[in-house]
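Here is the structure we will look at, set down as structure tokens.
For this chain, numbers begin at 1 and follow the sequence in order.
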Amino acid sequence: IVVRIISRADYGIISLSTAVVSVTVMLCLLGLNAGVSRYIAKHRARNDDRQLGRILCTSLTIVCAFSALSSAALYFLASSIATALNQESLPRVLNFFAAVVIPESIIMLLGAVFRGLGMPRQNILFQELSVSVTRLVFLGGCLAAGIHFWGIVAAYIVADWVGAIAFLAYCQRYFRYLRREFVFDWTVAKDLLSFSIPLLAFNILNISLNFIVILILARYHPAEQVGLFNATQRLTQFIGLPLSALLFMYLPMTTGLNESGKIDEIRRMYISVAKWATLLTLPVAMMLALDGAYVATLLFGDKYHDAGTMLMLMTIGMFVQTLFGPNGVTLIAMGESRFLLLSNIIGVGSSVLSCLLLIPAHGAIGGAIAIAVGMIISNIFRTVFLVARRNIHPFCYEFIAPVVFVVCASVLAAYFLRSTFGNGHLVHLAIFLLLGLLTLVSLLVTRSVGAEDIEIIGSIERKLFSSTRITRYLRARLKS
């Protein structure tokens, strides 16, 4: 919606502002958005829930203090940042966006707390739905009143504050119900930060890669190129959603298994998570790769028709990240945060070098190539490390067979439909539906559903729906 109603230049300014805010929020979190999840899951694996209230209060106090200071600093440094980025219209917008640093930090931290508790419904409700729905409703009111650009800015601010306040209210009620002591603890703070600080560097590198690409683009090209890059990147983020959703359950489960020394179970779970995340991703990824220009034009309008090549390049990078499986989260669960940081330094370094070489001449397409290069290299390093240390990787028959089947069949099917029926809207719709159908059929054709897959589905089903009806049906079919 936002991309369609404002110009590329205006969207570029909003993209720059959100990029600066994202880096600021990562700094405020101090790595706690990953460290808290593992810390809570570790205590729960030892059947020690007494520290939950102290962990929440301690981490929340740290994050609120740092985010308040960072929000004020960002407000006063807005003009200097705009000068460094060579964007004259940025300061006013960035002044407003400084107000979202505190609520975004709170939302991300509380999401990490409930991830550690293995409670995905709360995270979906407050971190995703409440913010998105509030933003959409407020934006609709602003558009109806004829307020476009500043209405979008206000929608970001209001939605984040509503989500943070609602999440805090629920969190306070939940921990009071558990009768946990809600106090700040210096010992907990020391333990949390000692593990989380390396993850802070990891998170900064993760988020700063996009910021660096945007910064170099803004330096060498007009804001339209920044808007083109950011719009394309936001679209490819949907590719990572299935893996992110599965990781919500995977991290606490893997942490518990690692504490118990059950490495064989971690291997089996790793393969199942990688396989299901890849299969759930395949229809969207193949559609973006094979039909990127059409998708960009349909969603963003004719002014983004030239985003097809960028979509394909970014899709490759994001899909490779899913294809290699949850290697980063597995390293966190095993306490290997330092190697995770090293792999990210290598990946980001290769991306930055690619940016400097490609962006001046090729603009946003050069940035897309740089992002893909960094993702591929860092994932290769993590997977090699896991294989060398614990022989953990996803590349077995039950993983490779359905993926190869879907990719090959999709390319052939898309070529046949286009050459036979042309390039109309119904043809594009048929291609997407066929991609989904091929993904479902692949599991039956290659006989790739195992007991571990059913356990993963059962765990998710119990957490989301408090029942195991689908799991019982699949288990009965597997036995037959």
Side-chain angles (χ1 to χ4, degrees), residues 14 16-40 53-78 81 93-117 122-132 134-135 153-172 174-175 182 184 188-189 192-193 195-211 244 248 251 332:
I14 289 179
L16 282 169
S17 300
T18 55
V20 173
V21 167
S22 296
V23 173
T24 307
V25 169
M26 282 299 130
L27 288 170
C28 297
L29 287 168
L30 299 174
L32 291 171
N33 56 317
V36 164
S37 298
R38 182 182 181 273
Y39 198 75
I40 292 174
R54 293 174 179 268
I55 293 170
L56 174 61
C57 183
T58 302
S59 57
L60 192 59
T61 301
I62 294 171
V63 168
C64 285
F66 273 90
S67 61
L69 292 172
S70 300
S71 178
L74 184 58
Y75 180 87
F76 289 110
L77 293 174
I81 294 171
V93 180
L94 199 54
N95 283 335
F96 281 98
F97 268 97
V100 306
V101 172
I102 298 174
E104 280 198 12
S105 301
I106 292 172
I107 290 172
M108 291 189 68
L109 177 69
L110 295 182
V113 169
F114 282 94
R115 183 165 62 248
L117 292 170
Q122 287 76 4
N123 195 60
I124 293 170
L125 178 62
F126 295 103
Q127 193 169 1
E128 304 296 337
L129 287 180
S130 65
V131 173
S132 299
T134 304
R135 185 176 296 162
V153 174
Y156 273 96
I157 299 170
V158 171
D160 281 341
W161 275 105
V162 169
I165 292 170
F167 212 165
L168 278 172
Y170 175 84
C171 200
Q172 184 183 26
Y174 175 78
F175 277 84
F182 198 74
F184 185 90
V188 171
L192 271 174
L193 291 175
F195 178 78
S196 299
I197 290 300
L199 296 176
L200 167 63
F202 167 77
N203 287 334
I204 290 173
L205 286 171
N206 236 7
I207 199 73
S208 66
L209 176 56
N210 297 332
F211 179 72
S244 298
F248 200 95
L251 176 60
I332 292 174

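- For Ile62 against Ala189, the heavy-atom pair with the smallest separation is CD1-CB, 4.1 Å.
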Check step by step if side chain to side chain contact (heavy atoms under 4.5 Å, CB included) holds for Ile106 and Ile165. CA-CA 9 Å; Ile106 292 172; Ile165 292 170; over 6 Å; no
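- For the pair Ile14/Phe97, a side-chain contact is recorded, criterion being any heavy-atom separation below 4.5 Å from C-beta on.
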Given side chain to side chain contact (heavy atoms under 4.5 Å, CB included), test Leu16 with Val20 step by step and report yes or no. CA-CA 6 Å; Leu16 282 169; Val20 173; 5.6 Å; no
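- The shortest heavy-atom contact between Thr134 and Ala159 is CG2-CA, 3.7 Å.
- Here the side chain of Trp161 pairs a donor or acceptor atom with the backbone of Ala99 at under 3.5 angstrom.
- The structure places CD of Glu104 at 10.0 Å from SG of Cys28, a figure rounded to the nearest 0.5 Å.
- Rounding to the nearest 0.5 angstrom, the gap separating the CD1 atom in Ile55 from the CG atom in Leu32 is 11.0 Å.
- Of all heavy-atom pairs between Gly163 and Ile107, the closest is C-CD1, 3.9 Å.
- Annotation for Asp160 and Val100: closest pair OD2-CB, 3.6 Å, computed over non-hydrogen atoms.
- Taken from CE in Met26 to OG in Ser105, the straight-line distance is 8.5 Å, to the nearest 0.5 Å.
- Thr18 contributes atom OG1, which lies 6.0 Å from atom OH of Tyr156 (distance to the nearest 0.5 angstrom).
- Atom CD1 of Ile102 and atom CG of Leu69 lie 9.0 Å apart (nearest 0.5 Å).
- For the side-chain contact (heavy atoms from CB on, under 4.5 Å) test, residues two or more places apart in sequence or in another chain that qualify with Thr61 are Cys57, Phe184.
- Residues Val131 and Val162 have side chains not in contact (no heavy-atom distance under 4.5 Å, counting atoms from C-beta outward).
- Put simply, the side chain of Leu94 does not reach to within 4.5 Å of the side chain of Leu77, judged on heavy atoms.
- In this structure a side-chain-to-backbone donor-acceptor pair under 3.5 Å is missing from Ser17 to Val93.
- Taking every heavy atom of both residues into account, Ser71 and Ala98 meet most closely at OG-O, 2.6 Å.
- Using a 4.5 Å heavy-atom threshold, the side chains of Met108 and Val63 count as separate.
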Does the pair Leu60 and Leu168 meet the rule for a side chain to side chain contact (heavy atoms under 4.5 Å, CB included), with working shown? CA-CA 10 Å; Leu60 192 59; Leu168 278 172; 3.7 Å; yes
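- Although no hydrogens or angles enter the test, the distance criterion places a donor-acceptor pair under 3.5 Å between the side chain of Ser67 and the main chain of Cys64.
- Ring geometry, Phe114 versus Phe167: the interplanar angle falls under 30°, so the pair is classed parallel (tilted spans 30 to 60°).
- Minimum interatomic distance between Tyr75 and Asn95 (heavy atoms only, all atoms of both residues): O-OD1, 2.9 Å.
- The ring-ring contact (aromatic ring centres under 6.0 Å, His included) test applied to Phe96 returns Trp150, not counting sequence neighbours.
- Distance alone, capped at 3.5 Å, is enough to place a donor-acceptor pair between the Ser59 side chain and the Leu56 backbone.
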